[in-house]
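In what follows, chains are A, B, ... by sequence order, proteins preceding strands, each numbered from 1.
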Amino acid sequence: MPELPEVETVARSVDRRVRGQRIVEVWFGSHREPFKTPPAQQARALEGRELLSIHRTGKHIVCELSAALDEGTRKSMRREAAGAAQWIVHLGMTGRLLVSHPDNPVAAHTHARLRLGDGRELRFVDPRRFGRLELRLLDRDEPFTAAGAEPLTIGAAEFAALFRGRKLAIKAALLNQSLLTGVGNIYADESLFHAGIRPTRAAGRLTRAELERLRVALRSVLQNSIQAGGSSVSDYVDADGVKGFYQLDHCVYLRGGQPCRSCQSAIRRILLAGRGTHYCPQCQK
DNA sequence: CATTTCACCTGGTGGC
DNA sequence: TGCCACCAGGTGAAAT
C-alpha cells in the first residue's frame, strides 16, 4: 500500500487518535521478519512509555516516545535506556497500522498489538511481512532520519542536482530512496505522466526545464493524493479503516491497454527496474 | 562507486 | 471447482 501519501495519511490518523496515550502492554507475534530490533527488546522498551506524537519521514512512520517514566521500570533498566525513544514502523508492501477496540477480532497476520491506557489497541498487520518495526533509544541511538530528500519541499536546484550525471532511467532514479524519499511505483509513474517524460529516459539527460516540470508534477501529485487520503489499490486503509480515493485520479498506473485520459492512445505497460511501468507513448517523450 | 537483478512473502485474479 | 502462472504499494543484499 504505502508510498508517501499513504504513509502520511496513516501517520496523521494514528496521531489524531492515540497521541498522549500510555502504552500499557505489548504483544508481538513470532515471525522474525518484521523486527529490525528483537521483539523482546522492543516490548520491554515500549511498555510504560507515552506516545508523544506520530509523524512521517519518507515512507517511515515515526512514533516519538517519552522517557520511561515509571520509577520501577526505570530502576530495572540500564541507565542509558531510560530516556526518550522512537518506535519506527515501515509498512512494506501490505502493512497496516490500525487503532482498534480490544474486542475487535484480530486480523490474520497481526504481528504487533500495543494496548493503550484507555483500553484501545494499536495493531500492526502485514500479510507479506515486508514491513519493519524498529526501536531507537535516543540515549544510545541516533534519531531516525531518511537518507533521501523530501519531495514535497525540495527546491529546483537541489532536485536537478540529484540526477546530474546519472545514466539510469529516470523512473529508477525516482524510486531510489537515497535520492528522494517516499516516492514509489504509483507516484513515479503518475508524476512522469504529468511531466510528459518517458520513464525510460536517462536521468542525467533530462533538460533543466524537464526536471523542473517533474519536480512540480511530483509535488502536486503527492499533495493531491494526500488530500484524497492516498491511493487504495487493493486494500489500503488508514488507521480508522477508511479508504483513500486518489486511485480514481490515476492516469497511467495499472491502466495498461486503456485509453490515455488526455489523448486516447493506449497506455503502454513495460518492465523497468523490475517493476511494472505505465506510460502514454503519445504524451510522454 | 553506480547500477541491475533477485529474493524475500502472501494473496488475488484470470486463463484453461 | 481446481490448478497454475502471473501480478501486486518495497527494499536490501549480491552480482555485474
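Atom C1' of nucleotide B:dC8 and atom CZ of A:R275 are separated by 13 Å, given to the nearest angstrom. When rounded to the nearest whole Å, the span between CZ of A:R129 and P of B:dA7 equals 18 Å. Here the P atom of nucleotide B:dA7 and the CZ atom of A:R128 are 14 Å apart, to the nearest Å. Across the protein-nucleic acid pair, A:K171 atom NZ and B:dT3 atom P stand 17 Å apart, rounded to whole Å. Straight-line distance from the CZ atom of A:R255 to the C1' atom of C:dC7: 18 Å, rounded to whole Å. Between the CG atom of A:L4 and the P atom of C:dG10 there is a distance of 11 Å, given to the nearest Å. When the P atom of C:dG10 is taken as reference, atom CZ of A:F130 falls 11 Å away, rounded to whole Å. Atom NZ in A:K36 sits about 16 Å away from atom P in C:dG10, given to the nearest Å.
Taken residue by residue, residues 162-170 of chain A places heavy atoms nearer than 4.0 Å to DNA chain B at A:R166, A:K167, A:L168.
Under 3.5 Å, the side chains of A:R129 and A:H31 contain a donor-acceptor pair of N or O atoms. Residues A:Q86 and A:E64 have side chains that bring a donor and an acceptor to within less than 3.5 angstrom of each other. No hydrogens or angles considered: nothing links the side chains of A:D240 and A:S13 as a donor-acceptor pair under 3.5 Å. No hydrogens or angles considered: a donor-acceptor pair under 3.5 Å links the side chains of A:S231 and A:Y187.
Note on A:H109: a side-chain N or O is less than 4.0 Å away from OP1 or OP2 of B:dG11. Contact annotation: A:Q177 side-chain N/O to C:dT11 OP1/OP2 distance is under 4.0 Å.
Nearest-nucleotide assignment on DNA chain C puts the 5′-proximal partner with A:T277, out of A:T277 and A:L175.
The only member of A:L122, A:L51, A:I61 that meets side chain to side chain contact (heavy atoms under 4.5 Å, CB included) when paired with A:V14 is A:L122.
In DNA chain C, the stems built from three or more successive Watson-Crick or G-U pairs (distances below 3.5 Å) are B:2-8 with C:10-16, B:10-16 with C:2-8.
Among the heavy atoms of the strands, none lies under 4.0 Å from A:Y246. Among the atoms of the strands shown, only primed sugar atoms or phosphate atoms (P, OP1, OP2) are found under 4.0 Å from some heavy atom of A:G184.
Counting heavy atoms from C-beta outward, A:I170 and A:I197 have side chains that approach closer than 4.5 Å. Side-chain contact check for A:R96 versus A:R123: every heavy-atom pair is 4.5 Å or farther apart.
Of all the heavy atoms in A:I267 and A:C280, the pair that sits closest is CD1-CB, 3.8 Å.
Only the P atoms considered, B:dC9 is 24 Å distant from C:dC3, to the nearest whole Å.
A salt bridge links A:R12 with A:E8: the distance from a Lys NZ or Arg NE/NH1/NH2 to an Asp or Glu carboxylate oxygen falls below 4.0 Å.
In this structure, of B:dC9, C:dT11, C:dA8, it is C:dT11 that holds the atom nearest to the side chain of A:K59.
Between A:H111 and A:F28, the gap from one ring centroid to the other reaches at least 6.0 Å.
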